[in-house]
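Atoms within a ligand are numbered from 1 in the order they appear, just like the ligands themselves. The shown structure was predicted, so the numbers you read here are calculated from the model rather than taken from an experiment.
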Amino acid sequence: MVEELFRQDAYLKQADVTVASVEERGVRLDRSIFYPTGGGQPGDHGLLRWDGGEARVVDTIKADGGDILHVLAPDSAKPDVGTKVHAELDWQRRYLHMRMHTALHVMSAVIKGSVTGGQVGADKSRLDFSLEGDVPTKEWVTEEINKLLADDRPVSAQWITDEELAARPELVKTMSVRPPIGAGRIRLLSIDGIDLQACGGTHVARTAEIGRVECTKIENKGKMNRRFVISLA
Ligand SMILES: [Zn+2]
């Protein structure tokens with residue numbers, strides 16, 4: 001099973017790792033800095049380099065056995081099992097995902113409603129809410145998010161047990177991306193004084209890194225369901 005280096009340090013941009021197995025679409029590694037698609041956040045892209053070759057990682061997905069499959073460009077060479085490879089993230093893309101993902105946490109604290117879905121993207125990101133009362137305007141959402149971001153709050157991870165999570169259901173905001181229960185412990189993402197919820201994604205260390213956010217669109221997705229789209233300014 002892969003050691004998930006990005007869980008300890010989301011800012012790791014490169015690492016020397018070893019190829020654990022090779023399959024038709026790509027490779028598994030003993031340790032990985034690549035985040036696999038999940039929880040509304042896309043899988044990472046990047047590069048693997050080794051003595052005598054290199055390959056582009058065009059997607060990263062979860063594989064069986066708690067593993068990660070690094071999907072390689074179809075025409076690229078593949079390293080052999082046991083090869084030491086130097087892994088490099090497409091950091092520009094990942095960092096946009098980290099800023100966007102953290103911004104969505106802040107938006108979930110601003111808009112009063114239950115989150116029914118969400119998607120992180122480098123250009124735009126969204127959260128869907130089931131709203132009880134009036135629908136806020138784009139301008140209001142933009143202003144409220146930026147007010148909170150201006151405070152430059154620290155962002156950190158905490159761990160609780162499955163039992164503690166079961167006793168505090170409010171920590172699971174996005175029912176559509178429930179955290180995995182049964183592993184014994186659950187990762188919580190805390191934005192000091194703003195948000196605390198179960199999340200396994202990658203985030204920035206302080207909210208000031210996000211910069212300014214704009215709510216660009218509110219779409220009607222049903223009677224009470226509204227989709228709020230944001231971009232980074
Ligand atoms: Zn998160």
request  = Compute whether any side-chain donor of one residue and acceptor of the other, for S125 and Q119, lie under 3.5 angstrom apart.
outcome  = no
task = Tell me yes or no: between the side chains of N146 and E144, is some donor less than 3.5 Å from an acceptor?
result = no
ask   = For the atom pair CD1 (I68) and CD (E3), what is the distance rounded to the nearest 0.5 Å?
value = 10.5 Å
ask   = side chain to side chain donor-acceptor pair (under 3.5 Å) with T202: which of H101, H97, R7, Q41?
value = Q41
query = Using 30° and 60° as the class limits, which term best fits the ring planes of Y35 and F6: parallel, tilted or perpendicular?
reply = perpendicular
inquiry  = For a distance under 2.8 Å, give residue and atom name for each protein N, O or S atom next to the Zn ion (ligand 1).
reply    = H101 NE2, H105 NE2, C199 SG, H203 NE2
task = Over all heavy atoms of both residues, which pair between P79 and L72 is shortest? Give the atoms and the distance, please.
result = CD-CD1, 4.4 Å
